[in-house]
Amino acid sequence: MSTPTLAPVIVTTSDPDGGQRISVFGAGRAEICGAFKPADRPYWLMYVTTTIAGAVDRSHPAVIPHRIQLPAQPDAQQWLELIAGLYMKAARR
């Protein structure tokens, strides 16, 4: 019998100031990664959370890489889905 595959939960919201946000949650409602578009900027900034940084074997796991700039929401969403999928697949092993 195979284990059911859980998909990450993707939540898209708008900030009161006009900004937009995409948050990706895994098992246990832990945020895995996300992206946001400030109201006054034409680009999205993608980030990973300490959940991801802590899962990587690094000498300084508390150091999180800088945010990555992406030109459009579909680009951000595709990267977030990839990162979350890889993280969740690795977590099941």
**Message:** Under 4.5 Å between side-chain heavy atoms, counting indirect links through other Ile/Leu/Val/Met/Phe/Trp/Tyr residues: same cluster for Val11 and Leu82 or not?
**Reply:** no
**Asked** Do the side chains of Ile10 and Ile22 get nearer than 4.5 Å, heavy atoms only?
**Response** yes
**Message:** To check you understand the geometry: which heavy-atom pair defines the closest contact between Trp44 and Gln73, and what is its length?
**Reply:** NE1-N, 3.3 Å
**Message:** Looking at Ser23 and Gly34, would you say the former's side chain and the latter's main chain have a donor-acceptor pair under 3.5 Å?
**Reply:** no
**Message:** Using the rule given for side chain to side chain contact (heavy atoms under 4.5 Å, CB included), can you reason through Asp15 versus Gln20, listing the C-alpha separation, both sets of side-chain angles and the distance that settles it, and then say yes or no?
**Reply:** CA-CA 6 Å; Asp15 295 336; Gln20 296 173 289; over 6 Å; no
**Asked** If Ile, Leu, Val, Met, Phe, Trp and Tyr residues are connected whenever their side-chain heavy atoms lie under 4.5 Å apart, and connections chain through other members, are Val9 and Leu86 in the same group?
**Response** no
**Prompt:** Is Val24 reachable from Trp79 through a run of I, L, V, M, F, W or Y residues, each pair having side-chain heavy atoms under 4.5 Å apart?
**Reply:** yes
**Message:** Is it the case that the side chain of Asp17 and the backbone of Gly19 share a donor-acceptor pair, with hydrogens and angles ignored and the cut-off at 3.5 Å?
**Reply:** yes
**Asked** Between the main-chain N or O of Ile32 and the side-chain N or O of Thr49, is there a donor-acceptor pair closer than 3.5 Å?
**Response** yes
**Prompt:** Got Phe36 and Met46 here, is their nearest side-chain heavy-atom distance under 4.5 Å?
**Reply:** no
**Prompt:** Quick one: CG on Leu70 to NZ on Lys37, what's the gap to the nearest 0.5 Å?
**Reply:** 13.0 Å
**Message:** If hydrophobic clusters are built by linking Ile, Leu, Val, Met, Phe, Trp and Tyr wherever their side-chain heavy atoms come under 4.5 Å apart, do Tyr43 and Leu80 end up in the same one?
**Reply:** no
**Asked** Are Phe25 and Met88 joined in one hydrophobic group, where the rule is that I, L, V, M, F, W and Y side chains link up if heavy atoms are under 4.5 Å apart?
**Response** no
